[in-house]
Amino acid sequence: MEIITAVKGFKDILPPETDKWRHIENTAYNVFRTFGFSEICIPLIEKTELFRRGIGESTDIVEKEMYTFLDRGEESLTLRPEATASVIRAYLEHTLHAVESVTRLFTIGPMFRRERPQKGRYRQFYQIDVEILGPDDPRTDAELILMLMHFLDRLGLKNLTLEINSLGCDECRPTFREAIVQFLRGTEKELCEDCRRRIGTNPLRVFDCKVEKCGEIISQAPRLMDFVCVDCREHFTQVEDRLTLFAIPYTVNAKMVRGLDYYTRTTFEVKTESLGAQNAILGGGRYDHLVRDLGGPDISGIGFAIGMERLAALIPDKEKNPADSPFLFIAAIGDKAVDKAFFLSNRLRMRGIRVETDYSGRSLKSQMKRADKLKSSFVLIIGEREVSENRALFRNMHTSSQEEIGLDKLEETIMKIAR
RNA sequence: GUGGGUGUAGCUCAAAUGGUUAGAGUGCCGGGUUGUGGCCCCGGAGGCUGAGGGUUCAAGUCCCUUCACUCACCCCA
């Protein structure tokens, strides 16, 4: 019979990879908590309408990448393609904005988008999502980015580049959008097919085009920064100043456009050279009116999402941590000895000692081989003779010396050594 | 959704122009020591060569179809 395989674009994460993920999550918890964030857990499924309104009707995500289905043929539900909309939904549903003026939340979990899988891109992928709701002070933007860079630093990541930009606000962005559309219409004939399409759908995307010719044309285009209003410019400068204060290296990427409709003013990405085409390991930005657009008060927010798979790919596989190896391996020969091993190993485990043993009754030699492979520090050898005389051989695997010890005092002896 | 690449042992890979029983390393299991690991030596298990069809005296190898994986485009974390 054929085995059933995982669905395309869905992956298993196996040990020891899971250890690395655990390490990333632990680091995130510690750093975020220090910065005053609390964890929130949100459902994997939401009403489709939430994402249509939150992410934007004309985005690729909503147009063609969502896992949407009718629940019992009645209500349209969707597997979340991102977390921000859900976090804000929960924020509003539980009126967290009335509890305190600043709400700092993070959540870690899988997202779902039905795209063609490739390196660093899967249909189920994990994100670390962080949001600050309430303040729109530029210090908040800077603080969030600061924390983020600190987090990446704590993970030991090198050769990352932080790019920031301002997308302007409701005041200045439409003017710019109009100017860019007008400019593109004038050069339409020379643009690539994709870019001609983008004029109608997402003109800012043209900045990202990889076609050389388009790049040339675009370099002549009006620049967003020239259209940004005084307030937005001031906000951006303030953010820059704070980053400089903490000596955070960054580059201003005026061509950076984010894929979701809700971003305003500050946006940012962190990129790497070592992941192929999917070079962004995280992206985020401010969203001044998303809360309002989802039916809440006009509260500003800012957040980012880190791609776990992409992040994990940058962290070297960990050397087998000696602390993960058993402290003791119990080698037992003969049924009575195996029973003794069963009892002792589980007793010691309950006292916090990491113990491995073998119930198979294999030769001492093969059990020793296994103990060696597991890098166990000590081996307790119990054979027929030892059982009848109520003793055992306690072998130090590093020094290859061994001594006899009585089984009665074994637990205490081990505990003493393990301490 | 559109292109390109790759499918042989658990893993990494071999098998010249089609030609006998598809090999190696590694891993796994066992032995070399009456009950003692690493190094070394020996042995064993493990493959419908992704699947289906075709050409041929003969197909892992050539052709077609299909599936999977993968990289890239699009887009994004």
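This is a predicted model, so every value here is computed, not measured. All values below were derived from every heavy atom in this structure, side-chain atoms included, with hydrogens, water molecules and symmetry-related copies excluded. Each chain gets a letter, A, B and so on, in the order its sequence line appears, and its residues count up from 1.
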Contact class for [X] (heavy atom, under 4.0 Å): base, sugar-phosphate, or nothing?
X: A:Thr5; answer: nothing
X: A:Ile281; answer: sugar-phosphate
X: A:Tyr122; answer: base
X: A:Lys11; answer: sugar-phosphate
X: A:Lys365; answer: base
X: A:Glu82; answer: nothing
X: A:Leu311; answer: nothing
X: A:Glu63; answer: nothing
X: A:Arg116; answer: base
X: A:Gly276; answer: sugar-phosphate
X: A:Ser366; answer: sugar-phosphate
X: A:Ala280; answer: sugar-phosphate

Nearest of [options] to any side-chain atom of [X]?
X: A:Ser363; options: B:G37, B:G31, B:A77; answer: B:G31
X: A:Gln278; options: B:C69, B:C74, B:U70; answer: B:C74
X: A:Arg114; options: B:A72, B:G1, B:G27; answer: B:G1

Run the ring-centre check on A:Phe378 versus A:Phe327 and record whether the distance is less than 6.0 Å.
yes
Mind checking whether A:His97 and A:Tyr91 have ring centres under 6.0 Å apart?
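Close enough - the centres of the two rings lie under 6.0 Å apart.
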[atom1] atom, [N] versus [M]: distance in rounded Å?
N: B:G7; M: B:G44; atom1: P; answer: 30 Å
N: B:A24; M: B:C63; atom1: C1'; answer: 31 Å
N: B:A51; M: B:A9; atom1: P; answer: 10 Å
N: B:G50; M: B:G5; atom1: C1'; answer: 16 Å
N: B:U8; M: B:G1; atom1: C1'; answer: 32 Å
N: B:C13; M: B:A22; atom1: C1'; answer: 14 Å

Identified pairing partner of [N], criterion: Watson-Crick or G-U wobble below 3.5 Å:
N: B:U34; value: none
N: B:U6; value: B:A68
N: B:G1; value: B:C73
N: B:G43; value: B:C29

Is any side-chain nitrogen or oxygen of A:Arg362 closer than 4.0 Å to OP1 or OP2 of B:G30?
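Answer is yes, contact under 4.0 Å.
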Answer yes or no: does a side-chain N or O of A:Gln118 lie under 4.0 Å from OP1 or OP2 of B:C71?
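So the side chain of A:Gln118 is outside the cut-off, no N or O lying under 4.0 Å from OP1 or OP2 of B:C71.
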How are the rings of A:Phe35 and A:His150 set relative to one another: parallel (under 30°), tilted (30 to 60°) or perpendicular (over 60°)?
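Answer is tilted, since the angle falls between 30° and 60°.
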Name the orientation class of the two ring planes belonging to A:Phe106 and A:Tyr29 (parallel below 30°, tilted from 30 to 60°, perpendicular beyond 60°).
perpendicular
Distance-only donor-acceptor test, [X] side-chain atoms vs [N] base atoms, 3.5 Å:
X: A:Arg370; N: B:G37; value: no
X: A:Gln367; N: B:U36; value: no
X: A:Glu386; N: B:G35; value: yes

Nearest heavy atoms of A:Leu314 and A:Ser274, plus distance in Å:
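Heavy-atom minimum between the residues: CD2-OG, 3.4 Å.
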Check whether any side-chain heavy atom of A:Ile164 sits under 4.5 Å from a side-chain heavy atom of A:Glu240, and report yes or no.
yes
